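Heads up: numbering here begins at 1 and tracks the sequence. Side-chain atoms are counted along with the backbone in the values below, which use heavy atoms only and exclude waters and symmetry mates. Small disclaimer: the values here were computed from a predicted structure and weren't measured.
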Amino acid sequence: MKFISFLIVLIIFPLTVSGGEKLTGTPIGTVRGLQYTNNGSSSYVVNNIQKNAFDGDLNTYFATDARSYTWVGLDLGKPHVIDRVGWSPRNDGVGPKRVQLGVIQGANQSDWLDAVPLYMITEEGVIGEMSYADIDVKRGFRYIRYVGPSDARCNIAELEFYGYEGEGDTETPNLYQFTNLPTVCINTVNAEEPYDKEHDITSNIIIVNNHEAYVDKPGTVRERGNYSRTFPKKPWRIKFDKKQRVLPDAPAQAKKWTLINNYGDKTLMRNLIAFEIARRMDMKYVPYAHPVDVILNGEFKGCYQLCDQVEVKEGRLDITEMEPTDISGEALTGGYFLEIDAYANQEPDGEWFTSATKSIPVTIKSPDDGGTPEQYEYIRAYFNKLESLVFRYPNYNPGPYDYRNIFDVESFLKHFAVGELSGNTDTYWSTYMYKDRGSDIIYTGPVWDFDIAFDNDFRTYPINNIPGYLYCSGRASEATNMINFAKRILMADTRTVDDLARVWSLARNDNNLNYETLSAFIDKTADEIDASQKLNFLRWPIMDQIVHNNPVVSGSYEAELNRVKDFLKNRFPRLDTLMKYDSTISAVETPSDDEATITPVIEGNTVHLIDYAPFDLYTIDGKMVQKNVTCTAPLASGVYILRTSGAAAKLSITPSQK
């Protein structure tokens with residue numbers, strides 16, 4: 001009898017491998033189904049054919065009329081923790097591919113606004129066989145479903161869900177992420193897909209980070225961008241009902257955020273590289289950006305960048321935010337946020353203007369809607385004043401008519417340097433500027449939109465074969481007369497040569513702006529998004545295609561990265577010549593021995609402070625080695641300058657310490 005009991009245990013055990021039983025419930029799903037007759041014709045069905053996915057028969061199937069955002073699942077009646085899922089594709093020639101990138105979701109609301117992913121199928125299915133995966137999410141869900149990938153009509157032969165009844169662990173739910181990146185889940189009312197830039201679709205947005213719902217808040221979603229909206233992979237703007245910090249390292253707490261699609265950028269990181277360059281140029285504000293995976297109504301959309309909405313806001317462009325009552329006196333002087341914009345004429349009347357003499361198109365980004373009539377007229381007149389001064393004389397001299405009295409040349413040159421180093425064709429197609437309250441000065445920035453930069457535009461490729469600067473090559477794009485505006489500053493003003501040499505040299509010498517560190521940044525970012533980029537190009541198989549402005553097909557992700565690296569490697573020496581790089585220019589003050597008020601700790605060839613306070617480290621000639629660290633990476637032998645919180649010290653790394 002003991003022998004027989006042992007056999008019974010062996011037979012039953014495989015059915016409960018993950019500790020849960022096979023679950024049953026009421027089949028639910030997309031209502032308008034699709035069935036095929038024996039002769040191959042199809043008919044629409046509005047009955048409960050959802051049961052075909054749960055009948056145990058691998059020869060029946062569930063399919064839908066609509067091609068995307070369709071699904072089938074179970075109402076379990078009460079929350080259950082799902083610990084295992086099984087699936088089998090429809091038994092036909094394309095069935096195996098049609099489950100790849102299918103997503104398993106759980107929810108506790110029948111409208112699925114609180115849905116989160118539990119698993120994504122990344123391999124093709126096997127006809128006539130069940131495939132299984134363990135689920136590690138600890139939260140319980142009443143509703144469980146399979147959402148077919150795009151253009152698949154759901155098409156599933158069989159689904160099995162295993163688990164046990166209960167709310168599960170709501171404190172540490174161990175939520176699923178597609179990769180190591182945060183997962184942004186957008187669930188819209190009635191699963192409506194965003195379709196233009198004007199209509200906000202009511203949504204609930206969940207951002208899963210470190211396997212927790214870092215954000216789970218109501219809001220809206222709509223399309224964003226201009227040309228990027230024409231791509232199959234759409235860009236979106238999300239707007240929360242209340243201000244949110246979307247990830248722990250995001251500086252701003254704000255309602256509006258953007259999801260950048262990077263469709264034509266096969267590295268998926270050109271914006272990130274350009275923003276890193278802007279930081280090393282010490283631009284006042286550089287937009288926040290973080291790579292994420294995105295799912296819309298259960299359908300995997302790929303790797304995006306979750307970015308700031310570029311706007312006047314604390315933690316973003318931190319200037320005075322105007323009110324409608326600010327219509328006189330100093331209150332009328334700012335702050336204003338402008339975009340020199342080739343698409344300005346697509347904006348509503350009263351939100352943009354063309355300049356008085358050169359017809360430069362300017363959109364008023366803030367105040368909202370172009371401001372009050374008083375605000376609109378004030379900033380239009382002020383920009384016209386700047387334009388008249390910039391174009392006033394063949395040459396410039398200090399005095400009452402010097403455009404520099406109301407224009408910050410340094411921020412313009414930093415913006416210019418980012419555009420030239422990145423090889424951005426569109427530097428003067430869209431250019432941001434701003435003016436704060438109580439200030440006479442218009443500043444340039446921030447930088448934005450680099451998907452066709454770094455040799456990714458057939459109109460300018462290969463950029464390093466162009467003699468001189470890209471912006472004045474005759475091949476760069478521009479909003480009306482913006483290149484002439486730039487030429488007036490860069491060529492007609494003889495003072496600018498020395499200014500540009502200083503701005504460029506300071507970034508090169510003090511802020512570690514060089515090929516080696518940018519190449520390392522690219523490698524680090526590539527490691528971070530590696531799993532995501534593989535899924536992205538499974539969803540969007542374009543690696544061997546010319547899309548958008550691609551000049552060439554590199555054929556692999558690694559080859560795309562190498563193209564950017566090769567471009568930068570050759571770009572630095574060209575710009576060093578054009579911008580008159582001076583290795584002796586530095587803003588770092590070398591402390592004398594009696595100024596050393598701190599004592600660094602040297603261990604081997606690394607350095608830290610006793611309390612591990614953050615510090616910057618420079619070579620003795622002022623070149624930045626490491627910024628804002630608490631402990632250095634291994635150092636070569638030599639003399640260094642350490643600075644922190646107003647204190648400084650010299651230190652020496654000798655060969656015996658290496």
Side-chain angles (χ1 to χ4, degrees), residues 245 249-254 256-258 271-290 307-322 333-341 362-367 379 382-383 386 403-422 424 427-428 430-450 453 482 485-486 489-490 496 499-500 502-513 579 585-588 614 616 624 627-628:
R245 195 179 309 279
D249 62 340
Q253 191 168 9
K256 298 176 184 177
W257 299 84
T258 62
N271 281 308
L272 298 178
I273 301 168
F275 292 168
E276 179 65 16
I277 293 171
R279 278 187 285 271
R280 300 187 193 193
M281 291 300 307
D282 275 338
M283 295 195 72
K284 178 181 177 181
Y285 162 56
V286 179
Y288 171 80
H290 197 292
C307 292
D308 280 347
Q309 170 81 18
V310 179
E311 62 179 347
V312 174
K313 186 74 62 180
E314 183 180 357
R316 291 178 174 169
L317 182 58
D318 200 357
I319 61 174
T320 304
E321 192 167 1
M322 297 186 75
T333 65
Y336 294 95
F337 182 34
L338 309 175
E339 181 182 8
I340 317 303
D341 180 14
V362 182
T363 299
I364 302 173
K365 308 295 288 186
S366 184
I379 193 57
Y382 208 89
F383 188 87
L386 171 63
Y403 74 97
R404 293 182 177 221
N405 293 333
I406 63 170
F407 188 71
D408 182 70
V409 171
E410 183 170 300
S411 64
F412 179 86
L413 295 179
K414 289 177 178 180
H415 181 277
F416 167 76
V418 176
E420 286 294 329
L421 178 55
S422 66
N424 189 12
T427 295
Y428 296 116
S430 169
T431 309
Y432 288 122
M433 295 183 181
Y434 58 92
K435 178 187 180 297
D436 204 357
R437 179 170 299 178
S439 170
D440 295 330
I441 306 299
I442 291 179
Y443 294 84
T444 307
V447 297
W448 185 255
D449 195 7
F450 292 85
M482 261 311 286
F485 183 97
I489 296 166
L490 291 158
T496 303
D499 294 333
L500 182 57
R502 182 178 182 277
V503 165
W504 178 249
S505 299
L506 284 174
R508 296 277 278 123
N509 297 335
D510 291 359
N511 293 342
N512 234 8
L513 182 62
M579 297 186 184
I585 294 178
S586 174
V588 178
D616 299 334
M624 175 168 281
K627 186 177 180 66
N628 197 31

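Ser366 contributes no side-chain N or O that, together with a main-chain N or O of Tyr336, makes up a donor-acceptor pair within less than 3.5 Å. At least one donor-acceptor pair under 3.5 Å links the side chain of Asn509 to the backbone N or O of Ile585. Remark: the backbone N or O of Val362 is not paired with any side-chain donor or acceptor of Asp341 at under 3.5 angstrom. Panel note: side chain Asn511, backbone Arg280; a donor-acceptor pair is recorded below 3.5 Å. Between the side chain of Asp308 and the backbone N or O of Tyr288, at least one donor-acceptor pair lies under 3.5 Å.
One distance of note links NZ of Lys627 with CG of Asn512; it measures 10.0 Å at 0.5 Å rounding. The distance from atom CZ of Arg502 to atom CE of Met579, rounded to the nearest 0.5 Å, is 15.5 Å. Summarising the geometry, atom CD1 belonging to Ile273 is positioned 11.0 Å from atom CZ belonging to Phe450; distances are rounded to the nearest 0.5 Å. Separation of atoms CZ (Arg404) and CG (Asp499) is listed at 4.5 Å; rounding is to 0.5 Å. Expressed to the nearest 0.5 Å, how far CD1 of Ile379 lies from NZ of Lys435 amounts to 6.5 Å. The line from SG of Cys307 to CG of Leu272 is 7.0 Å long, rounded to the nearest 0.5 Å.
With a 4.5 Å cut-off on side-chain heavy atoms, Ile364 and Leu338 count as touching. His415 is listed as a side-chain neighbour of Thr427, based on a closest heavy-atom distance under 4.5 Å. With contacts defined as side-chain heavy-atom distances shorter than 4.5 Å, the pair Leu317/Lys365 does not qualify.
In terms of heavy atoms, Asn628 sits closest to Asp616 at N-OD1, 2.7 Å. Taking every heavy atom of both residues into account, Ala252 and Glu314 meet most closely at CB-O, 3.7 Å. Closest of all the heavy-atom pairs between Ile319 and Val312 is O-CG1, 3.3 Å. Considering every non-hydrogen atom in both Phe275 and Pro287, the closest pair reads CD1-O, 3.6 Å.
When each of Asp408, Leu413, Val409 is tested with Ser411 by the rule side-chain contact (heavy atoms from CB on, under 4.5 Å), just one qualifies, namely Asp408. Partner of Met281 under the side-chain contact (heavy atoms from CB on, under 4.5 Å) criterion, out of Val418, Leu506, Val447: Val418 alone.
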**Request:** Verify side-chain contact (heavy atoms from CB on, under 4.5 Å) between Trp504 and Phe416, making sure each step is shown before the conclusion.
**Result:** CA-CA 10 Å; Trp504 178 249; Phe416 167 76; over 6 Å; no
**Message:** Show, in sequence, the C-alpha distance, side-chain angles and deciding distance for Asp440 and Tyr382, and conclude whether the side-chain contact (heavy atoms from CB on, under 4.5 Å) test is met.
**Reply:** CA-CA 9 Å; Asp440 295 330; Tyr382 208 89; 3.6 Å; yes
**Request:** Could you walk me through whether Glu311 and Glu321 pass the side-chain contact (heavy atoms from CB on, under 4.5 Å) test, one step at a time?
**Result:** CA-CA 10 Å; Glu311 62 179 347; Glu321 192 167 1; over 6 Å; no
**Message:** Evaluate Ile340 against Phe485 for side-chain contact (heavy atoms from CB on, under 4.5 Å), listing each step before the verdict.
**Reply:** CA-CA 11 Å; Ile340 317 303; Phe485 183 97; over 6 Å; no
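Side-chain N/O atoms of Ser430 and Glu339 include a donor and acceptor closer than 3.5 Å. No side-chain donor-acceptor contact under 3.5 Å links Ser439 and Asp436.
Phe412 pairs by the ring-ring contact (aromatic ring centres under 6.0 Å, His included) definition with Phe407, not counting sequence neighbours. The ring-ring contact (aromatic ring centres under 6.0 Å, His included) test applied to Tyr434 returns Tyr443, not counting sequence neighbours.
The list of salt bridge (Lys or Arg N to Asp or Glu O under 4.0 Å) pairs with a residue in residues 503-513, not counting sequence neighbours, reads Arg508-Asp576.
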